[in-house]
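Here's the structure we're looking at; comments come further down.
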Amino acid sequence: MKKLVSSITLIGLTISMLAQLANAAEVYAPVPEKINGVMNSAAPSDAIVLFDGSDLDAWQSADSEEAAAWTIEDGVVTVKNGTGSIKTKQAFADFQLHIEWSPTATIMGEGQSRGNSGIFLNSIFELQVLDSWENPTYVNGQAGSVYLQHAPLVNVSKRPGEWQSYDIIFKAPLYAASGELESSAYVTVFQNGVLVLNTVEILGATYTEEPEYSNRCTPYGQTREQDCSGPMPLTLQDHGQVVSFRNIWLRELR
Ligand code: MG
């Protein structure tokens with residue numbers, strides 16, 4: 001019993017330490033300027049279409065081989081809360097990705113609890129999806145941020161219920177055969193056609209105590225550690241809120 005109590009205390013301490021670390025990483029100023037953008041959806045002829053509105057055949061559960069369980073209706077896929085995050089069956093290195101997303105039109109919650117989802121590049125680096133229309137939160141956690149690492153240059157977010165786009169250019173990290181990191185990952189992001197992240201260096205996996213690189217990692221939504229030194233799937237986050245996606249396509253760059 002004593003052992004159980006001390007284990008629970010230890011878990012409690014670890015959670016509280018993690019919460020403190022997360023708080024220390026949250027940045028609140030300067031607040032990105034609010035502007036308007038545009039969107040272009042069409043897939044180029046050499047794109048790998050990951051979702052065209054008809055099925056989730058290119059996707060599976062992030063934590064198993066089971067089919068992705070999110071809801072498809074009217075050409076749109078919506079997070080089915082509680083079924084977990086989903087990932088692509090195919091793995092990618094460097095790529096250009098187009099993805100459109102829309103938090104529910106009905107405002108529910110605030111801050112990080114309002115229209116939260118995410119696009120996990122390499123399944124471990126989160127590009128935040130959030131309803132950032134008049135929804136203050138820490139700036140390195142708003143839409144267009146590399147979560148807890150880089151705030152967007154501007155806030156180009158639309159009203160909840162309206163469609164928004166990300167066009168992402170991702171350079172995957174490189175590892176030597178020894179497992180040592182040779183070069184970090186970099187990302188450039190256009191939100192609604194406007195540059196919000198300009199070739200920023202990703203500091204490491206989002207949900208480790210400190211962002212760090214390792215050739216072994218536990219992808220978001222997965223319980224098992226794996227080799228992460230090569231191409232990795234793309235993961236979409238089930239954060240417990242209602243967010244829809246459409247027109248997802250990708251062009252491999254190597
Ligand atoms: Mg998120």
Side-chain angles (χ1 to χ4, degrees), residues 15 18-19 21-28 32 51 59 61-63 68-71 77-88 97 99-104 106-152 155-158 160-161 163-168 170 185 187 189 191-192 196-197 200 202-209 211 217-223 232-246 248:
I15 289 170
L18 280 171
L21 275 168
N23 289 340
E26 294 167 5
V27 175
Y28 287 85
F51 178 68
W59 300 80
S61 160
D63 200 29
W70 290 9
T71 308
V77 61
T78 302
V79 182
K80 189 173 182 183
N81 297 142
T83 62
S85 302
I86 63 172
K87 68 181 177 187
T88 55
L97 171 71
I99 185 165
E100 295 171 23
W101 52 276
S102 172
T104 178
T106 310
I107 293 177
M108 294 183 283
E110 60 181 23
Q112 293 293 311
S113 299
R114 190 169 133 188
N116 194 333
S117 181
I119 298 157
F120 282 78
L121 311 165
N122 255 27
S123 293
I124 51 174
F125 312 121
E126 183 177 11
L127 172 63
Q128 177 69 303
V129 167
L130 192 77
D131 174 4
S132 286
W133 177 269
E134 298 178 356
N135 181 30
T137 184
Y138 41 97
V139 298
N140 57 352
Q142 71 178 66
S145 65
V146 174
Y147 191 70
L148 294 180
Q149 297 185 20
H150 298 286
N155 180 350
V156 68
S157 294
K158 297 184 182 181
W163 283 97
Q164 314 202 35
S165 63
Y166 280 154
D167 286 280
I168 301 162
F170 177 68
V187 70
V189 178
Q191 181 182 353
N192 304 328
V196 291
L197 293 171
V200 298
I202 296 176
L203 307 177
T206 301
Y207 289 108
T208 46
E209 284 191 26
C217 74
T218 305
Y220 187 84
Q222 184 174 298
T223 46
M232 295 282 290
L234 194 67
T235 301
L236 298 181
Q237 183 185 40
D238 173 2
H239 192 276
Q241 276 102 53
V242 183
V243 180
S244 298
F245 295 90
R246 71 179 187 190
I248 310 175

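One-based numbering along the sequence shown. Order of listing sets the numbers, starting from 1, for every ligand and every atom in it.
Side-chain atoms of Q112 and Q241 include no donor-acceptor pair closer than 3.5 Å.
At least one side-chain heavy atom of I202 sits less than 4.5 Å from a side-chain heavy atom of V187. No side-chain heavy atom of K87 sits less than 4.5 Å from a side-chain heavy atom of P219.
Between the E100 side chain and the R246 main chain, no donor and acceptor come within less than 3.5 Å of each other.
Of all protein N, O or S atoms, those under 2.8 Å from the Mg ion (ligand 1) number 5.
Closest approach of Q237 and W70 over heavy atoms only: O-CH2, 3.7 Å.
Taking the ring centroids of F245 and F51, they lie at or beyond the 6.0 Å cut-off.
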